[in-house]
There are 2 protein chains.
Amino acid sequence: MNIGEISKRSGVPAKTIRYYEDIGLIQPERTPNGYRVFSETDLHRLSFLGRARKLGFSIEDCRALIRLYEDEARASAEVKDLAMNHLGRVEEKIAQLQHMRNSLVEVIEDCAGDHSPDCAILDRLAGRML
Amino acid sequence: MNIGEISKRSGVPAKTIRYYEDIGLIQPERTPNGYRVFSETDLHRLSFLGRARKLGFSIEDCRALIRLYEDEARASAEVKDLAMNHLGRVEEKIAQLQHMRNSLVEVIEDCAGDHSPDCAILDRLAGRML
DNA sequence: GCGATCCTTCCAGTCGCTGGAAGGGTTGCG
DNA sequence: CGCAACCCTTCCAGCGACTGGAAGGATCGC
């Protein structure tokens with residue numbers, strides 16, 4: 001199958017698939033005219049990658065996950081470790097954003113939001129804390 | 001004051017300050033030898049930028065915020081609008097990450113994390129849902 | 001005069017794509 | 001057979017907001 005079809009079937013954009021080939025995540029064959037040819041295995045791999053990316057795993061994590069997936073002698077502990085590290089990073093990011101959110105809500109609440117130029121948000125950004 | 005001092009005083013790295021000059025957020029003077037010279041106003045501006053960036057405002061938002069800050073005829077409603085739009089984006093991001101987090105927790109829970117190669121995480125990524 | 005520390009510019013890299021240009025191949029229809 | 005429509009290719013540039021590093025010049029204290 002060619003790139004358009006595998007793109008539709010895997011849900012991964014053609015551009016992204018070419019990029020994944022560039023960085024060595026997949027190695028499709030080529031027809032004599034230069035078109036990429038993908039196998040069912042490539043389709044599985046791309047779907048796997050699509051799901052992993054949706055869970056927020058980095059490309060390097062995905063590389064490791066695929067290696068583990070194809071390693072019959074893997075220990076599930078290694079996969080779990082990788083996933084838990086990722087989870088930790090996601091939770092850290094959430095905490096940061098929630099902190100941001102709380103500060104934003106706080107300053108927004110104090111701002112009248114009317115025609116007057118007096119603005120608690122600007123005051124706060126300018127360092128004039130209340 | 002030169003870039004090292006304003007960097008220390010504002011908490012904004014020198015590299016970042018040069019970058020901000022590049023993109024027109026600040027316009028320091030220059031000494032005859034080419035060194036940047038910063039005023040107290042620049043210090044206020046950089047501190048303002050530092051605080052806005054900590055709240056997650058984009059550079060373009062910061063540009064708008066500074067314009068509003070320096071516009072005596074502003075309406076606080078405009079600032080509040082900008083901040084609320086940003087808050088919306090932050091909350092959206094949080095929701096996305098929480099969704100990710102929930103999925104991750106779910107798959108991680110189902111993985112033994114032992115010496116066996118059987119792994120619910122890989123199964124899930126491979127499309128074999130339980 | 002010398003070394004340490006400052007400053008300068010410019011280029012490249014981060015991350016994971018995404019858009020677009022320029023060009024060639026294939027398919028289907030009249 | 002000609003043509004349009006649509007597929008494919010490569011390569012380059014850009015996103016956001018910096019950050020690291022190289023190469024070189026200026027200043028400062030001893």
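This is a predicted model, so every value here is computed, not measured. Naming: A, B, ... by sequence-line order, numbering from 1 per chain.
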*Rounding to a whole Å, what distance do you find between B:R18:CZ and C:dC7:C1'?*
7 Å
*With sugar-phosphate meaning primed atoms plus P, OP1 and OP2, does B:I23 contact a base, only sugar-phosphate, or nothing at under 4.0 Å between heavy atoms?*
nothing
*Nucleotide interval of DNA chain D bounded by contacts with chain B (heavy-atom cut-off, under 4.0 Å)*: D:dA17 to D:dT27
_Is it the case that the side chains of A:D118 and B:S76 hold a donor-acceptor pair, with the cut-off being a distance below 3.5 Å and no angle test?_
no
*Go through residues 85-99 of chain B and report each residue with a non-hydrogen atom lying under 4.0 Å from DNA chain D, sorted by number.*
none
*Nearest-Å distance for atom pair CG/P, residues A:L25 and C:dG16*: 10 Å
_Beyond-backbone contact of B:Y35 with B:I3, side-chain heavy atoms, under 4.5 angstrom_ = no
_So for atom CE, which belongs to B:M84, do other residues, nucleotides or ligands contribute more than 12 heavy atoms lying within a distance under 6.0 Å?_
no
_Close side-chain approach of B:Y69 and A:L125, heavy atoms under 4.5 Å_ = no
*Compare all side-chain heavy atoms of B:K80 with those of A:C119 and state whether any distance is below 4.5 angstrom.*
no
*Is there side-chain contact between A:I121 and A:D110, with heavy atoms separated by less than 4.5 Å?*
no
In a table with atom names and distances, give each donor-acceptor pair under 3.5 Å that connects a side chain of residues 93-103 of chain A to protein atoms at least two apart or in another chain.
| unit_1 | atom_1 | unit_2 | atom_2 | d |
| --- | --- | --- | --- | --- |
| A:R101 | NH1 | B:E91 | OE2 | 2.8 |
| A:N102 | ND2 | A:Q98 | O | 3.3 |
| A:S103 | OG | A:H99 | O | 3.1 |

*Would you say B:F57 and B:L65 make side-chain contact, with heavy atoms under 4.5 Å?*
yes
_Side-chain heavy-atom pair A:L68, A:L82 within 4.5 angstrom cut-off_ = yes
*Name the residue closer to the 5' end of DNA chain D, choosing between B:K15 and B:E60 according to the nucleotide with the nearest heavy atom.*
B:E60
_With B:R36 via salt bridge (charged side-chain N to carboxylate O under 4.0 Å, His left out) - residues at least two apart_ = B:E21
*Looking at every strand, decide which applies to A:F57 at a 4.0 Å heavy-atom threshold: base, sugar-phosphate, or nothing.*
nothing
_From OH of A:Y20 over to C1' of C:dC15, roughly how many Å is that when rounded to an integer?_
11 Å
*Inter- and intrachain pairs under salt bridge (Lys or Arg N to Asp or Glu O under 4.0 Å), touching residues 57-67 of chain A, at least two apart*: A:E60-A:R63, A:D61-A:R89, A:R67-A:E78
*CZ of A:R53 versus P of C:dC15: gap in Å, rounded?*
11 Å
_Both B:K8 and B:E21 contact DNA chain C. Which one's nearest nucleotide lies toward the 5' end?_
B:K8
*Of the residues in residues 27-52 of chain A, which ones touch DNA chain C at a heavy-atom distance under 4.0 Å?*
A:N33, A:Y35
